[in-house]
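Within every chain, numbering begins at 1; the chains are lettered A, B, ... in the order of the sequence lines, protein sequences first and strands thereafter.
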Amino acid sequence: MSSRAATERLHERVLEWYSTAARDLPWRTDDATPWGIFVSEVMLQQTPVARVLPVWVEWMRRWPTPTDLAAQPPGEAVRAWGRLGYPRRALRLHAAAVAITERFDGAVPSTEAELSTLPGVGTYTAAAVATFAFGERTTVVDTNVRRVLARAVTGDAYAAPSPTRAELETAAALVPLEADRARTWSVAVMELGALVCSSRSPRCDACPIRALCAWRLAGSPAHEGPPRRGQAWEGTDRQMRGALLRVLRESDGPVSRERIEAVSSLALQRERCLDSLVADGLVEPLARGFYQLPGAREAS
DNA sequence: CACGCGTGGTA
DNA sequence: TTACCAAGCGT
């Protein structure tokens, strides 16, 4: 319900703050390529910047273009993914590189609609790449944006579990009209959420919009409703899949069934997870009970 | 639409 | 120490 003048004040304060507080990240430099930005966005899905940085640098060194990556077997992408987590992203990134090479002549597509057709590219990533790599004026909504707007505009301590229609309309209404300003606004709000308006302990004293923040003005009320439950971990298939894939990733050649079985004595779960990794295309079964990352060449 | 999917740092 | 959390996506 903010007036145009209030919106303008919000823009000015956030953009001014960003001009001095923004981190120097390699995918934000002027010479960052659309491919580099694309790779960074996929790596940053649910993974912190600090962990992404060294892996991104290595990927750019090895595969400076989508075609370079597409020429490799998918297992190479999975191995180079290291410990970023959610390794299916590596597989989808490889598949996206193949699609870009085959369907877009090796050039990362520039529109949100075309980007959305690529594997591993959802609503957020399509908007982010269209905006940050190509300057398309669109609405970028990630978890940071949702939290910042929940507090500053709506006055809630946290955003809803999943984005609501009203939330997306609020975000869209706040995007500056001019494309270049819109791009900076999007990255600035994300940065504000990452550095200042954090989930656990927001640093309101350092916030450029504390004087305009609805949550702050309401006395920073605690979150209402049931506590959001985190993901279970101990004993989950996710944990087992991670342990299994780690053995494959850190092994040069094919891995014997014996080494697979040494990962865990829980045979039922272990085999279920191995099967699911094969079904996902993350693991390739070979003859005589050996396994390897998909498409990996035989070590000589 | 709710759930499954990795990993490691931090309050 | 132990939950919580980090630029989501696909089914």
Answer with base, sugar-phosphate or nothing: what part of the nucleic acid does A:Pro119 contact at a heavy-atom distance below 4.0 Å? sugar-phosphate

Which part of the nucleic acid, if any, lies within reach of A:Arg23 when heavy atoms closer than 4.0 Å are counted: base, sugar-phosphate only, or nothing? base

Using a distance-only test with no angle check, is there a side-chain donor-acceptor pair under 3.5 angstrom linking A:Arg257 and A:Tyr291? yes

What nucleic acid atoms does A:Ser198 come within less than 4.0 Å of, heavy atoms only: base, sugar-phosphate, or nothing? nothing

Whole Å only: how far is the CE atom of A:Met43 from the C1' atom of C:dA7? 13 Å

For B:dC1, which nucleotide is its Watson-Crick or G-U wobble mate, given both distances must be under 3.5 Å? none

Assign the ring pair A:Trp59 / A:Trp63 to parallel, tilted or perpendicular, where the plane angle (0 to 90°) is split at 30° and 60°. perpendicular

Using whole Å, report how far CZ of A:Arg92 lies from P of C:dC9. 10 Å

When you check the side-chain N and O atoms of A:Arg241 and A:Thr236, is any donor under 3.5 Å from an acceptor? no

Taking the side chain as C-beta and beyond, is there a heavy-atom pair between A:Val49 and A:Trp27 under 4.5 Å? yes

Would A:Thr47 and A:Arg89 satisfy side-chain hydrogen bond (donor to acceptor under 3.5 Å, both in side chains), going step by step from the backbone distance to the final call? CA-CA 11 Å; A:Thr47 302; A:Arg89 289 183 294 163; 2.8 Å; yes

Looking across every strand, which nucleic acid part, if any, lies under 4.0 Å from A:Gln239 by heavy atom: base, sugar-phosphate, or nothing? nothing

Which is true for A:Thr236 with a 4.0 Å heavy-atom rule: it touches a base, it touches only sugar-phosphate, or it touches nothing? nothing

Membership question, hydrophobic clusters at under 4.5 Å side-chain separation (ILVMFWY): are A:Phe290 and A:Leu274 in the same one? no

Of A:Ala243 and A:Ser162, the one whose nearest nucleotide on DNA chain B sits closer to the 5' end is A:Ser162

Determine the contact category for A:Gly85: base if any of its heavy atoms lies under 4.0 Å from a base atom, sugar-phosphate if only primed atoms, P, OP1 or OP2 are that close, otherwise nothing. base

Rounded to whole angstroms, how far apart are CD on A:Gln46 and P on C:dA6? 9 Å

Whole angstrom is fine here: how far is it from CZ in A:Arg238 over to C1' in C:dC5? 13 Å

Toward the 5' end of DNA chain C, which comes first, A:Thr47 or A:Ala126, by nearest nucleotide? A:Thr47

Could you check which residues of residues 133-152 of chain A get a heavy atom under 4.0 Å from DNA chain C? Sort them by number, please. A:Asp142, A:Thr143, A:Asn144, A:Arg147

Please report the distance, rounded to the nearest Å, between CD in A:Glu234 and C1' in B:dC5. 17 Å

Side chains of A:Ser110 and A:Glu136, donor plus acceptor under 3.5 Å: no

Does a side chain donor of either A:Thr29 or A:Asp31 reach within less than 3.5 Å of an acceptor in the other side chain? yes

Please report the distance, rounded to the nearest Å, between OH in A:Tyr86 and C1' in C:dA6. 10 Å

With nearest nucleotides of DNA chain B determined for A:Arg200 and A:Leu282 from heavy-atom distances, which residue corresponds to the more 5′ nucleotide? A:Leu282

Just checking A:Leu245: base, sugar-phosphate only, or nothing, at a heavy-atom cut-off of under 4.0 Å? nothing

Heavy atoms only, 4.0 Å cut-off, all strands: where does A:Asp237 land among base, sugar-phosphate and nothing? sugar-phosphate

To the nearest Å, how far apart are A:Leu44 CG and B:dT7 P? 17 Å

A:Arg51 CZ to B:dT10 P, straight-line distance once rounded to whole Å: 10 Å

How is A:Trp27 classified with respect to the nucleic acid when contacts are heavy atoms under 4.0 Å: base, sugar-phosphate, or nothing? base

